[in-house]
Amino acid sequence: MSKLFIVPTPIGNLKDMTFRAVEVLKEVDLILAEDTRTSGKLLKHFEIATRSQSHHMHNEHKTVQNLIEKIKSGTTIALISDAGTPAISDPGFLLTRACIEHGIEVDCLPGATAFVPALVNSGLPNDKFVFEGFLPIKKGRQTRFLQLAEETRTMIFYESPHKLIKTLTHFCEHFGEERPVSVSRELTKLYEETIRGSAKDVLTHYTQKPPKGEIVVVVGGKPKD
């Protein structure tokens, strides 16, 4: 029986790829990639010739059992996503869980993930925090905001640029206009920026200057009495 490697990839800057990650991707028998076209550019850059196949949210339920059988038969597999650490708001959890259930060793390498630098950059308390990932789009969104309004820990969200204004507006409505917010955009890339301030001020900024790129939003928790 072989094993499954979970391999983080850069969230923007290719220099954030680790030596160990390159080594593992060169040595495994198969690479599972969220989008083989996107990952193909990364693999070519680091001269990684290992065969790859797609593994994404639309097919992972159907392919897990077959992948388990491959690993049991001696195939060593590495899982990567388009950017960052697999299974963090990306495919990976289902395969990891299935491997553990079948007694297959799982080795997750340390590496890039967007929410950690965004949290540290925010200047908000990071001794205790909660990672929310993407908020519900419609169903359950209002309920989630009502629950989070009582959260005292720092909260971290992923958001798409075209939904940021809507989300910041909801922060103002449910958390209060003065709740501290930090928005990190395009982390590790050429136009990286972090905008900090009250929910109202950050909303005003992005209303006047529509955002682009990958976004992480960090929000201060409800002040304790």
Side-chain angles (χ1 to χ4, degrees), residues 6-13 16 18 21 34 56-57 60 79-97 100 106-176 179-189 192-197 199 202-203 206 211 213-224:
I6 307 295
V7 182
T9 55
I11 59 175
N13 193 324
D16 292 333
T18 69
E34 187 176 1
H56 47 73
M57 63 180 294
E60 59 178 339
L79 173 66
I80 62 176
S81 61
D82 288 347
T85 301
I88 303 297
S89 292
D90 274 324
F93 165 70
L94 291 179
L95 181 57
T96 299
R97 181 178 63 180
I100 293 170
V106 177
D107 189 351
C108 182
L109 278 60
T113 188
F115 79 79
V116 173
L119 173 61
V120 176
N121 280 341
S122 72
L124 294 169
N126 53 31
D127 56 329
K128 293 181 181 179
F129 60 90
V130 55
F131 174 69
E132 286 291 319
F134 289 97
L135 285 161
I137 298 174
K138 293 181 179 179
K139 185 178 180 180
R141 187 178 177 91
Q142 178 77 4
T143 300
R144 193 71 194 124
F145 271 116
L146 292 174
Q147 294 169 339
L148 292 173
E150 300 302 314
E151 177 59 68
T152 58
R153 296 169 293 181
T154 299
M155 296 169 280
I156 306 169
F157 304 89
Y158 285 165
E159 192 53 280
S160 59
H162 67 279
K163 294 176 183 173
L164 180 62
I165 299 300
K166 177 182 178 181
T167 295
L168 290 172
T169 299
H170 286 159
F171 287 164
C172 289
E173 294 172 354
H174 293 281
F175 302 159
R179 186 71 70 91
V181 170
S182 174
V183 175
S184 289
R185 187 179 66 83
E186 292 290 83
L187 285 165
T188 79
K189 300 176 184 177
E192 173 182 345
E193 71 171 9
T194 295
I195 302 298
R196 309 172 185 85
V202 176
L203 172 59
Y206 283 112
E214 302 292 328
I215 292 170
V216 185
V217 186
V218 184
V219 184
K222 180 181 179 181
K224 296 179 181 179

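Starting from 1, each residue takes its place in the sequence as its number.
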> Within the 4.5 Å heavy-atom criterion, are Ile165 and Leu203 side-chain neighbours or not?
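Ile165 vs Leu203: side chains touch.
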
> Can you list the steps and then say if Leu95 with Glu60 is a side-chain contact (heavy atoms from CB on, under 4.5 Å)?
CA-CA 8 Å; Leu95 181 57; Glu60 59 178 339; over 6 Å; no

> Between His170 and Gln142, is there a side-chain heavy-atom distance shorter than 4.5 Å?
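Gln142 does not reach His170 side chain to side chain.
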
> Is there a side-chain contact (heavy atoms from CB on, under 4.5 Å) between Thr167 and Phe157? Walk through the geometry before answering.
CA-CA 10 Å; Thr167 295; Phe157 304 89; 5.9 Å; no

> Measure up the Phe171 and Phe145 rings against each other and bin them: parallel (under 30°), tilted (30 to 60°), perpendicular (over 60°).
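Phe171 and Phe145: perpendicular rings.
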
> If only atom types and distance count, is the side chain of Thr194 paired as donor or acceptor with the main-chain N or O of Arg185 below 3.5 Å?
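Between the backbone of Arg185 and the side chain of Thr194 there is no qualifying donor-acceptor contact (under 3.5 Å).
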
> Grab the two heavy atoms, one from Pro86 and one from Val7, that are nearest each other, plus how far apart they are.
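Looks like CD-O, 3.7 Å.
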
> Kindly give the heavy-atom pair with the smallest separation between Ser182 and Arg196, and that separation in Å.
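Heavy atoms of Ser182 and Arg196 come nearest at OG-CG, 3.7 Å.
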
> Verify, without hydrogens or angle tests, whether Thr9 (side chain) and Ser81 (backbone) share a donor-acceptor contact under 3.5 angstrom.
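Yes, Thr9 side chain to Ser81 backbone: donor-acceptor pair under 3.5 Å.
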
> Has the side chain of Thr188 got a donor or acceptor atom that lies under 3.5 Å from a matching backbone atom of Asn13?
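Yes, the answer is positive, given that a donor and an acceptor are paired below the 3.5 Å cut-off.
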
> Could you tell me if the side chain of Val181 sits less than 4.5 Å from the side chain of Phe175, heavy atoms only?
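Sidechains of Val181 and Phe175: no contact.
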
> Around atom CD1 of Ile137, are there more than 12 heavy atoms from other residues, nucleotides or ligands closer than 6.0 Å?
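It does not: Ile137 CD1 has 12 such atoms or fewer within range.
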
> Could you tell me if the side chain of Asn121 sits less than 4.5 Å from the side chain of Val216, heavy atoms only?
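Counting from C-beta outward, Val216 and Asn121 never come under 4.5 Å.
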
> Looking at every heavy atom in both Ala118 and Leu187, which two are closest together, and how far apart are they?
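Closest approach of Ala118 to Leu187: CB-CD1, 4.0 Å.
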
> What are the two closest heavy atoms between Arg141 and Pro136, and how far apart are they?
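Heavy atoms of Arg141 and Pro136 come nearest at NH1-O, 2.9 Å.
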
> Can you check whether Leu119's main-chain N or O pairs, donor with acceptor, with Ser122's side chain at less than 3.5 Å?
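Yes, because the side chain of Ser122 sits within donor-acceptor range (under 3.5 Å) of the backbone of Leu119.
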
> For the pair Lys189 and Glu214, evaluate salt bridge (Lys or Arg N to Asp or Glu O under 4.0 Å) and give the outcome as yes or no after the intermediate values.
CA-CA 10 Å; Lys189 300 176 184 177; Glu214 302 292 328; 5.3 Å; no

> Evaluate whether atom OH of Tyr158 has more than 12 neighbouring non-hydrogen atoms of other residues, nucleotides or ligands under 6.0 angstrom away.
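Yes - once you tally the heavy atoms of other residues, nucleotides and ligands closer than 6.0 Å, there are more than 12.
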
